[in-house]
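Quick notes on the structure that follows.
Proteins come first, then strands; the chains are lettered A, B, ... in the order of their sequence lines, and each starts at number 1.
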Amino acid sequence: MGDSAYSFSLTTFSRTGKLLQIEYALNAVANGRTALGIAAVDGVVIATDKKFASALVEGGDVSKVEAITDSSGFVYAGVGPDYRLLVRKARKSAQAYFREYRETKPVGQLVKSTASVMQEYTQSGGVRPFGVSLLVAGIDGDGVPRLFQVDPSGAYFGWKATAIGKNYVNAKNFLEKRFQDDMELEDAIHTALLTLREGFEGEMDGHNIEVGVVSKSDGKFRLLTPEQIQDYLDEAN
Amino acid sequence: SITFFELTALHNIIFSSCHRHRHRHIHHNFLRVSKKPQHKGNYHSTLLLPTAPLSPHNSPPTQTHRKQYYHNRKMSILEYNGAAVIAMAGKDCVGIASDNRLGIQYQTVAMDFKKVFKMNDTLFVGLAGLATDVQTLDQLLRFRMNLYELREERTMTPQVFTNLLSNILYEKRFGPYFAEPVVAGLDEKGSPYLATMDLIGAIETTKDFVVSGTCDGNLYGMCETLYKPDLGKEELFETLAQALLASVDRDALSGWGGVVHIITKEGVMSRELKGRQD
């Protein structure tokens, strides 16, 4: 963190009042692979595409959608290694919370502490901002499904549905047209897959996308298996 | 039996006043009570008794001359101030009660010392033990709870509170707060919640009653005898009051009246108890 020899921040204000490092970080996010999320009335779905540079890549063990607690998960757009650090910190903070209170850390608290970490890296000595935007999905004890976006600046927003990364503008327009307040989880998953397909180059199947779902019925965050994804895709066809 | 922490703290409090090592040249007008230390080193806790001076000149009272020389019991740090705390569950209600005494060993110093603290409308905590730790824990708990409620925008449930308190106590595992708390509240559904823990945070939740204090043995006996499940709030009040008063009457270190709080969904009913003022 800020324990380098630098005692001054590398993120400083420009004359126009912008923090250019954060702007540049957002550029890095906009170049990342698309990720999106939809909050239905009975659950939340997050998804991203997982296209690899070559057919030789063995992608089975690398996840982009990650569970943080039993009932919440992250997905990202941007620089993968930065994301992994945030996932590790968020998991540790969630476990520390459980140790203190014996209660699962609520999604809102998770978002606040992760956002706080991201903000620290825009003001501490010798570090650069994270090159990721996160989508956080989860359900608290109160049963309300929640979807949040966290940006490199540490700003966070609650969403009903959103997309980040490459092609996010088109994806968000698509979502705006398709989203309904009374949407159920199954519809949300279908819509998410359709939205992903819009910007997808080539054939989309269960192995080159990742989908994470948290449902109100059991409150557990889980990744869909490639077979389950393939089933949804077949239904959509 | 005496634990390590109690011994070291004991050593600090008692032996700071014992001038065996400092004034070897002064004529001691004290008679050592026991013949030989039973334990090695500094852990011997039997104190000295005064005798009549052998010379017409009294030995000048040193700064460390204290009334505590007049007893010869082993003293435990959890018994230094005296306390009795009790909580019971009724039908959709809980009650929590404590005595009012604050003493410094056998000397009573206050008859209105609060040991039960309201955390919110449906959560009370009673703390028995060293008075300074009782007060400090009340402040610490309030601090942590306020921050939690501001951050999370919701009230803390009794279960979460109990775990938080346990965590706070265990953080000081090797230099603990000398207090044994009792938690009483109504959970989100309105059902009674009772818990107690030792001074280092080992939690015990029960459905009927929890006790703590210098007369906890007496309190257990009274509760076991008088308790019935599903009491209404007036009956619960009577039961708590009788159990508390009968227990503290047989304990020199607790008493001087008491206070009882009955917590229901509608609100809290608090009443002062008049007991033997001794």
Top of B:Ile168, B:Leu164, B:Leu165 for chain A proximity - count of heavy-atom pairs under 4.5 angstrom | B:Leu164
So with a 6.0 Å cut-off around CD of B:Glu204, is the heavy-atom count from everything else above 12?
-> no
Exceeds 12 heavy-atom contacts within 6.0 angstrom, atom OH of A:Tyr168 = no
Rounding to 0.5 Å, atoms CD (A:Glu100) and CD (B:Glu171) come to a distance of 7.0 Å
Any donor-acceptor N/O pair, A:Gln109 side chain to B:Arg151 backbone, under 3.5 Å | yes
Applying a strict 4.5 Å limit to non-hydrogen atoms, the region of B:Thr157 in contact with chain A is side chain
Inspect the surroundings of CD in A:Gln123 and state if more than 12 heavy atoms from other residues, nucleotides or ligands are less than 6.0 Å away.
-> no
Neighbours of chain B found in residues 154-163 of chain A - heavy atoms under 4.5 Å | none
Please flag which part of A:Tyr97 lies under 4.5 Å from any non-hydrogen atom of chain B: side chain, backbone, both or neither.
-> side chain
Check whether more than 12 heavy atoms from other residues, nucleotides or ligands sit under 6.0 Å from atom NZ of A:Lys112, and answer yes or no.
-> yes
Region of B:Tyr148 that comes under 4.5 Å of a non-hydrogen atom in chain A = side chain
Roughly how far, to the nearest 0.5 Å, is the CZ atom of A:Phe98 from the CG atom of B:Asn163?
-> 8.0 Å
Bottom line for B:Glu188: the part with an atom under 4.5 Å from chain A's heavy atoms is neither
Taking the side chain as C-beta and beyond, is there a heavy-atom pair between A:Pro106 and B:Arg154 under 4.5 Å?
-> yes
